[in-house]
Each structure stands twice: as C-alpha cells, then as structure tokens.
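Take a look at the structure set out below.
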Amino acid sequence: MELGLTTFAELYPTGDRPAPTAAERLRQVVDEAVATEAAGLDVYGVGEHHRKDFAASAPAVVLAAAAARTERIQLTSAVTVLSSDDPVRVYQDFATLDGLSGGRAELMAGRGSFTESFPLFGYDLADYDDLFEEKLALLLRLREDDPVTWSGRFRPPLREATVYPRTEGRPLPVWIAVGGSPESVIRAGLLGLPLALAIIGGQPDRFKPLVELYHRALAEGGHEKQPVAVHAHGYVADTDEQAVADFYAPYALAMSTIGRERGWGPMTREQFDALRSQSGSLFVGTPDYVGGKIADIRDTLGLDRFMLHTSVGTLPPDQVLHSIDLLGTKIAPHLS
C-alpha cells in the first residue's frame, strides 16, 4: 500500500504563535514534500482553496515547486475543484507538472466541499452537480490523443482541438475524490477511475458499503480493478501524550473555525478523544498506534493508498517534519 501526506497549506495561529504568512506557509509545504520523499513515502498532495485561512489556491504551481526538489514521489492535487475551473486549463497545468516532474503528476478531481470558488469564478451553485459532470467529461476527453470536438453549457465549444502540452507515455492520471456521496462513487466506478475517499469524521468502517458499491459500478462499467485511497486527519509523535499535546489545540481551533461557518458546535476534547479511539477517524498517536489503525482501515476497505493530512491546524514545521519522518521510517515498513 502507498502512503503519503496531504495539505491545504492552512494558515491558523498556533498557541502564542501567529499564523504564518501565505508565502511562509507555501515554502513550508514544499519542505514537507521534500521530507515526504526523504522519509521513503510515496505521494504528496495539495488541496485547492480560495480562502484567507488556506494558502494553496493554485496546487499545480505549488506542486511544480515540489517537483524541482524531489525525484520520486507522486505529486497530486487533493483536490482540484473542477466544477469552478476550466478543464482545458486544468489539463494544461497538470500536463506541464507531469513534464517538469518526469511523469509524476496526478489529479484528484472533486466537486468542492467549500464553495467560495463558485462566485469567485462566476458560477452558480444551483449548477453544482451539472458543472462537475460536464467538466469531468471534457477533462477525460482531453486526455485522449485524438483532437476533441465538444460543446456544452459552461464553456465555449471546441472544434478539432488538441490541448498542449501532452503527457508523455501515459494519459494524465485522474482520480475522483469523494466525501461520501453514493452518486459520486458510482460515477467513479462507471467511468473506471480511481477513487479517493475523504474520511474526516465518524467511523471509517461505515465507508465499506461505498467501496463495495464502487466495485460493483466498476464491474457494471466493464472496467478492471482500480485503486482506492483514503485521505484522513492525523499526526504521529513519539508518545501518545506528546501527540495529543501537539495536535489537539491546533486541530480543535481549525475544526471549530470551520464548524462556525457550517453550524457545528465547537470541537470538544471529548469529541476529539472519540475520534482518536480505535474505531474513530482520527489517526493521532505513536507509530504503533497509528500504524495499527492504518492497517485496520486498509484491510477493512481494501485500500491501495492512505494519505495523512497533518496540518489541519497549522502545526510548527519541526513537529510536522518529525511526524512525516515517523510515518515513513516507523510505520511504512510494516504496511508494505
């Protein structure tokens, strides 16, 4: 199973430390990608957001900086909000990244959990589902070698168009990122695309029926088995006590901030402890504890990739880099 990290380049204060500037945080993100490779891990992902509390509005640009300082790891968006972007430009950005990185680019396409990009780029949230379906179909057409003739509702038509640059030796890998929607899982399966599940609350085993649904949709679409990945929050430290001491306050701040926007109550220590329990979705603790939980979810869901999102709240860089090292040197060898 592949292991890696994801980030949204969060910009929250930590204790008495002010939030970093966007420029500082983006440089830290590139350092994290370098550390991910140095630890022997497989993939690093950067998510797209257009808010004051996240610095990475252009994941392909950030990943290109990481490509210049790495040689082996896969570099992926996590996710690209395809609904509010232009598939032509998305393809160009990630084909460019693929060339710069020597064939290491991937793209995770999603509808967007946050919606700030829709008004920013002039789209109506009433078209939320239609936008994604149409733009995904066009993106997949653009991966083909033949010129594309296409028309739709949300962008000007294409006539015998080939979009450059092209990827070399393979189509651009496109995953479908899903938060729990059965319709999205079915879409991924029928299209024969890899599936990435965001599990950021509750109990991971509740996603087993969705994975089973995905495999049925793959079979119905006449496709071979495709990879399944999970993205989850977590942090690794030398002791459980240190992991909780480092992670709880920044995590609670970030989740409570987002919760106020969405009608959740503030994150409590009781909720945190429940999520951190053996059956919960939060992977926080020692290498043995976190590694055991990752092995359990791997076996329950039949995973091919697991991605840990550590800076949910903005942790000091030295803590993040140590967590990455523990994930690669202490956990990964027991999960291969």
Side-chain angles (χ1 to χ4, degrees), residues 1-6 41-43 45 47 78-79 108 110-111 113 175-190 193-220 225-236 240 243-244 247-248 251-252 254-255 258-259 262 264-265 267-310 312 323 327 330-332 334-336:
M1 181 179 68
E2 294 180 333
L3 277 177
L5 276 291
T6 57
L41 296 164
D42 303 294
V43 58
V79 302
M108 291 188 182
R111 295 184 297 174
S113 172
W175 295 60
I176 299 296
V178 177
S181 162
E183 293 79 11
S184 296
V185 167
I186 292 170
R187 178 191 287 116
L190 292 177
L193 298 175
L195 178 70
L197 295 166
I199 302 181
I200 57 175
Q203 297 179 323
D205 60 6
R206 68 187 173 90
F207 283 79
K208 186 173 182 179
L210 288 178
V211 176
E212 293 170 346
L213 180 63
Y214 170 65
H215 288 308
R216 291 198 297 272
L218 279 172
E220 183 178 338
K225 183 180 183 296
Q226 295 295 317
V228 176
V230 158
H231 153 108
H233 295 161
Y235 174 73
V236 190
D240 285 323
V244 171
F247 193 76
Y248 170 66
Y251 177 78
M255 297 303 287
I258 295 169
R262 300 188 173 194
W264 310 335
M267 168 65 63
T268 67
R269 180 57 188 269
E270 183 179 17
Q271 291 169 330
F272 176 84
D273 289 340
L275 290 173
R276 203 181 76 83
S277 69
Q278 188 62 46
S279 61
S281 61
L282 199 54
F283 293 74
V284 175
T286 64
D288 285 345
Y289 184 70
V290 173
K293 287 191 67 170
I294 294 174
D296 287 345
I297 193 173
R298 175 199 61 191
D299 296 343
T300 299
L301 301 184
L303 298 183
D304 302 280
R305 175 184 288 180
F306 182 90
M307 297 171 291
L308 195 68
H309 190 113
T310 290
V312 183
S323 179
L327 182 64
K330 301 297 184 182
I331 294 177
H334 301 288
L335 294 173
S336 58

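With sequence neighbours excluded, the residues satisfying ring pair (Phe, Tyr, Trp, His ring centres under 6.0 Å) with Phe247 are Tyr235, Tyr251. Looking at residues two or more places apart in sequence or on another chain, you find a ring pair (Phe, Tyr, Trp, His ring centres under 6.0 Å) between His231 and His309. In this structure Tyr289 satisfies the ring pair (Phe, Tyr, Trp, His ring centres under 6.0 Å) test with no other residue, sequence neighbours excluded. Partners of Asp205 according to the salt bridge (charged side-chain N to carboxylate O under 4.0 Å, His left out) rule, which considers only residues two or more places apart in sequence or in another chain, do not exist here. For Arg305, the side chain to side chain donor-acceptor pair (under 3.5 Å) partners are Glu2, Glu106, not counting sequence neighbours.
Atoms NZ and CG, on Lys225 and Leu218 in that order, are 9.0 Å from each other to the nearest 0.5 Å. Distance check: Ile200 CD1 to Ser113 OG gives 6.0 Å after rounding to the nearest 0.5 Å. Expressed to the nearest 0.5 Å, how far CG of Leu327 lies from CG of Leu308 amounts to 6.0 Å. Note that the CG atom of Leu303 and the CE atom of Met1 stand 6.5 Å from one another [nearest 0.5 Å]. Rounding to the nearest 0.5 Å gives a distance of 5.5 Å between CG of Leu195 and OH of Tyr214. Atom CG of Leu3 sits about 9.5 Å away from atom CZ of Arg298, to the nearest 0.5 Å.
Under a cut-off of 6.0 angstrom, the local environment of CD in Glu220 is sparse, with at most 12 non-hydrogen atoms contributed by other residues, nucleotides or ligands.
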Exercise for the section: List the steps and the verdict of side-chain contact (heavy atoms from CB on, under 4.5 Å) for Ile258 and Trp264. Expected result: CA-CA 8 Å; Ile258 295 169; Trp264 310 335; 4.0 Å; yes

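Counting only heavy atoms from C-beta outward, the side chains of Val244 and Phe272 approach each other to under 4.5 Å. In this structure, Leu301 and Ile199 have side chains that are in contact, with non-hydrogen atoms separated by less than 4.5 Å. Here the side chains of His233 and Met255 are in contact, with some heavy-atom distance below 4.5 Å. In this structure, the side chains of Leu213 and Pro182 come closer than 4.5 Å at one or more pairs of heavy atoms. Within the 4.5 Å cutoff, no side-chain heavy atoms of His334 are placed close to those of Pro287.
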Side-chain donor-acceptor contacts of residues 274-282 below 3.5 Å, not counting sequence neighbours, with atom names and distances?
{"from": "Arg276", "atom 1": "NH1", "to": "Val284", "atom 2": "O", "distance (Å)": "2.8"}
{"from": "Ser277", "atom 1": "OG", "to": "Ala274", "atom 2": "O", "distance (Å)": "2.6"}
{"from": "Gln278", "atom 1": "NE2", "to": "Asp296", "atom 2": "OD2", "distance (Å)": "2.9"}
{"from": "Ser279", "atom 1": "OG", "to": "Gln203", "atom 2": "NE2", "distance (Å)": "3.4"}
{"from": "Ser281", "atom 1": "OG", "to": "Gly201", "atom 2": "N", "distance (Å)": "3.2"}

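Closest non-hydrogen pair, Ala332 versus Leu41, comes out as CB-CD2, 4.2 Å. In plain terms, the two heavy atoms of Ser184 and Val178 that are nearest each other are CB-CG2, 3.7 Å. Taking every heavy atom of both residues into account, Met108 and Ala177 meet most closely at CB-CB, 4.4 Å. Between Pro227 and Trp175, the closest heavy-atom pair is CB-CH2, 3.6 Å. In plain terms, the two heavy atoms of Pro204 and Gly202 that are nearest each other are CD-O, 3.9 Å.
Remark: Arg269 qualifies as a cation-pi partner of Tyr248 under the 6.0 Å distance and 45° angle criteria applied to the six-membered ring.
Checking each of Val79, Leu193, Leu197 against Ile176 for a side chain to side chain contact (heavy atoms under 4.5 Å, CB included) leaves exactly one that passes, namely Leu193.
Looking at Asp304, its side chain does come within 3.5 Å of a backbone N or O of Val228 through a donor-acceptor pair.
Between the side chains of Glu270 and Thr268, no donor-acceptor pair of N or O atoms lies under 3.5 Å.
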